Amino acid sequence: MALNELTIHAARTGLQAKQFSSTELVKACLARIKQTESKINALITVCEPSALREAKKADQNGYQPSVASRQPLAGIPLVIKDIFSTKGIKTTAGAKLLANYVPVYDATVVTRLKHAGAIILAKANLDAWAHGSSGENSEFGPTKNPWDLSRVPGGSSSGSAASVAADQCLAAMGTDTGGSVRLPASFCGVVGLKPTYGRVSRYGAIALASSLDSMGHLTKDVTDAALILQITAGPDGRDATMPDQPVPDYQKNLSPPLKNLTIGSLLPAKMAPPLKKIYQQALTVLAKQGAKMISVKLPHLDFAIAAYYLIMSSEVSANLARFDGTRFGADRQKFGAEAKRRIMLGTYALSAGYYDAYYRQALKVRTLIAQDFAQTFTKVDLIATPVSPELPFKLGEKTADPLKMYLSDLLTVPANLAGLPALSIPSGYVKQLPVGIQFLGPLFSEAKILQTAYHYEQQAPWQKKRPRL
Amino acid sequence: MAKTWLTIIGLEIHAELKTASKMFCHCPADHFGRPANSQTCPVCLGLPGALPFANRQAIAWTIKTGLALDCQVNTVAKFDRKNYFYPDLPKGYQISQYDQPFCQHGQLDGIRLRRVHLEEDTAKMVHQPGQTLVDFNRAGVPLMEIVTEPDSRNGQQAKAFLKHLQQIIRHLKVSDCDMEKGSMRLEVNISLSRNPVNQLRVTSDELPKYKVEIKNLNSFRFVERAINYEITRQTALLRSGRQPRQETRGWDTKKQQTYSQRSKEEAHDYRYFPEPDLPPLKISRRQINLIKKQLPELPAGQQQRFQQQGLTEYQARVLVSHPQKAQYFEKVMLTIKNKIKINLAANLIINNKINFQKTSPRQLVAQITQKQPPPLGASRLQLIIKQILDKHPKAAADYRQGKAGAIKFLVGQVMSQSRGRANPDQTRQAIKSLLDK
């Protein structure tokens, strides 16, 4: 097994056992990037010199227990979605408007990963401003799905998901505003976690929609998902929307057996039969572990996409207002079509005379959906749903029809509207294309979700399958 | 008969709070005279990804000000985004408060206050020949906005109100309210209405169809003059059958007149919506009561108390308007109980007869109690006695009828009238000899 194919926890064991060095690990990743990048276009900036420098430093410090306890990610190369501010490293948000923007500060997530010893290997491609479900809105070229280069990897954390799936790195950071971690995780066959809104600080991540943005990550298994959350979770005194909620030990919580678990299954009306079969097989795996299955419905689900697009675009219209041509080097003409569409939609929805009809109504729907979930969680511990009712689609298939593209987020958007944690995990393959299943839980129930996903993964280790590239 | 119009004036006051740090970040709030852009960070520069974190002190001070102005404090308040473009606004929106401000429905000197809310100040534009520079030191400084109902009726009233408001805010020590440094900024909304039902409280449907906003008024005198100028200008227009334009006007200090800046057709739709980066704030009754308890005695209350201690309205007012002098006087009052001596001390302080920065209150008290007041000339004393006797014929009659208490009263009056300079024994003899004639 090549070093770049390792999970974080396996690499950590190897580093501690002196089986290899971080320099070797980073070099293996860089070699894989050189080999695959021209095919998948997952990265915008590769930080080769600084990554090698950091690896050397980590190797010099060593990986004895005293270092490992302080720096659980010592010497581990990670990819960061190019929407997280990285001090001294160009941060484009996938947009030409920021093609030359170099932040003067690190996002909290980046600061914490660095403190934990992680090495920034590269900045990942994404739909410009994280606007998109396919990766095709990137102004630095679309990312391709490593499983089938003619298909999309899902977005907007397109590069993060493709990079992990292609073993360019050990794990990647992503953001999820309406499904932007979970959909690409599902399309690329990796694990994607969207934490509770307010679990991980948004500070320093270029805002898409401030009330919906969640800082997540894409990993090769559930253990790594828990490991990273352990580092990123918890208030930082900079994101005012974070409650003072204690951070449990997610890693210790993984292996204890599932007890008295009730899962509510939520199946969309339309779904291709092979995908439906995979979904039901996944539920059977969980049932065999003793989970009780019931069927659930969210009465207001049909309004979720409409409400989401109004709230999201309204916030976009304000969040992108600072790119007004006064600073950052480029004027508003530089915005791509999707950003312009969202700015106009949001500006309209917030305008005098329309606010009540659109924005306020959308907020009401949002409250109803949150209530639907709260109601459902009185009966079940977690909700299971497919991540997407369809397989990764062809590049260009939906670009002409924005509405069709928006509907890709049907099953992921509700968790963002309600602020809930959700995780996407590989659950099988149709025609060599990955299919994910999603677990949603009540606010701050990440430990329960990770534990359930961990037990599923032990029985159905689909995550081990890798694309041939 | 010429038609008459009622002047309707609403006021908007901005005051920069003198908190240690800015409203939503840790940068210092005291920006005056600092090197340009030396007090900035990702938050107040509006860099991509930076987030606001509200300053608790600024919130507490806004509530404090609201309570001092008889406002109701909202138990749930929130911040909103006010969207507009201007180069001094780094995020393209200002974090302000729209429909749930911290404080509402107050009053001061018979003028109702609509609201007291909190927002962030903008950056400062520095205009130079051929270019305009932006200094972000001021961006994000906590800015308190106070809005009155349209209850002022003339320039004099508006000026007196604003002076009193400034005195209160300074007294609360939440803002310097220094107009020269821009830490207090005034805006006047003025229009003329024809004979509303209630001249004191004009209802919203009685308000004229137009409103003229006067901005950049940096002294109370200019407020009064600008109002007077506008009354004349608008009256002339209305008399000739024309309605004044809805517009924003500035004050030209050289020409002593207002001038049109922009018309309201260019008015913004600010597209307010709740600031998603800052959750709504719950303010408990307990917190409100706590702030209420910490509220110092207000200038009006202090003045009243001074008058009860025997000061004239004038003396009390002068002392209260100089917080340092008032504080000094308070210390003097702790040890002197004699009204005459209190009066004497007040005069010494007011007339700068003592250097209260060098003389301790204790020293002053010692001075007053040891040294007899400078004697009053005999003729001046006679004059005062005659005045008092004329003023109180009943007391004089009582004395003549043998009531012993009457002479005490008359001596007291003379002492008070002479501000303590008359010698009580001398006075008693003089009154007796006059009445015994």
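Since this is a predicted model, take the numbers as computed values, not measurements. Order of the sequence lines sets the chain letters (A, B, ...), proteins ahead of strands, with each chain counted from 1. Just so you know, these numbers use all the heavy atoms, side chains as well, and skip hydrogens, waters and symmetry mates.
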Quiz item: Which bit of B:Tyr272 comes within less than 4.5 Å of chain A, counting heavy atoms only: side chain, backbone, both or neither?
Solution: backbone
Self-check item: Any donor-acceptor pair under 3.5 Å from B:Asp269 side chain to A:Ser351 backbone
Solution: no
Quiz item: So which bits of residues 275-285 of chain B come within less than 4.5 Å of chain A, counting non-hydrogen atoms only?
Solution: B:Pro276, B:Asp277, B:Leu278, B:Pro279
Quiz item: Tell me, side chain or backbone of A:Ala107 under 4.5 Å from chain B's heavy atoms, or both, or neither?
Solution: neither
Self-check item: Atom pair CZ (B:Phe273) and CG (A:Leu350), whose distance is rounded to the nearest 0.5 Å
Solution: 5.5 Å
Self-check item: Nearest non-hydrogen partners of A:Arg327 and B:Leu47, listed with the distance
Solution: NH1-CD2, 4.4 Å
Quiz item: Checking heavy atoms, do the side chain of A:Tyr348, its backbone, both or neither come under 4.5 Å from chain B?
Solution: neither
Exercise. Using side-chain contact (heavy atoms from CB on, under 4.5 Å) as the criterion, list what pairs up with B:Thr122, not counting sequence neighbours.
Key: B:Tyr84, B:Asp88, B:Leu89, B:Arg138
Quiz item: Can you tell which of A:Leu320, A:Val104, A:Leu98, A:Thr347 has the highest number of heavy-atom pairs within less than 4.5 Å of chain B?
Solution: A:Thr347
Exercise. Among A:Pro103, A:Ala209, A:Ala205, single out the residue with the greatest number of heavy-atom pairs under 4.5 Å to chain B.
Key: A:Ala205
Quiz item: How about A:Lys334: does its NZ atom have over 12 heavy atoms from other parts shown lying under 6.0 Å from it?
Solution: no
Quiz prompt | Heavy atoms from other residues, nucleotides or ligands near NZ of B:Lys78 exceed 12 (cutoff 6.0 Å) | solution = yes
Quiz prompt | Proximity breakdown for A:Asp213 and chain B, heavy-atom pairs closer than 4.5 Å | solution = neither
Quiz prompt | Test side chain to side chain contact (heavy atoms under 4.5 Å, CB included) applied to B:Val43 and A:Tyr203, step by step | solution = CA-CA 10 Å; B:Val43 176; A:Tyr203 187 79; 3.8 Å; yes
Quiz item: Considering heavy atoms only, which positions within residues 79-97 of chain A lie below 4.5 Å of chain B?
Solution: A:Ser85
Quiz item: Going by residue number, which parts of residues 354-362 of chain A are within reach of chain B, meaning a heavy-atom gap below 4.5 Å?
Solution: A:Tyr355, A:Tyr359
Exercise. Name the region of A:Ser314, side chain, backbone, both or neither, that has any atom closer than 4.5 Å to a heavy atom of chain B.
Key: backbone
Self-check item: Considering all heavy atoms, the nearest B:Phe53-A:Arg238 contact
Solution: CD1-C, 3.6 Å
Practice problem: Let me know if A:Thr326 has heavy atoms under 4.5 Å from chain B in its side chain, its backbone, both or neither. | Solution: side chain
Practice problem: Answer yes or no: is there a donor N or O on one side and an acceptor on the other, between the side chain of B:Arg81 and the main chain of A:Ala318, under 3.5 Å? | Solution: no
Practice problem: May I ask you to check whether over 12 heavy atoms, not counting those of B:Asp205, lie within 6.0 Å of atom CG? | Solution: yes
Quiz item: Pick from A:Gly237, A:Ser211, A:Gly325, A:Ala207: which one has the most heavy-atom pairs with chain B under 4.5 Å?
Solution: A:Gly237
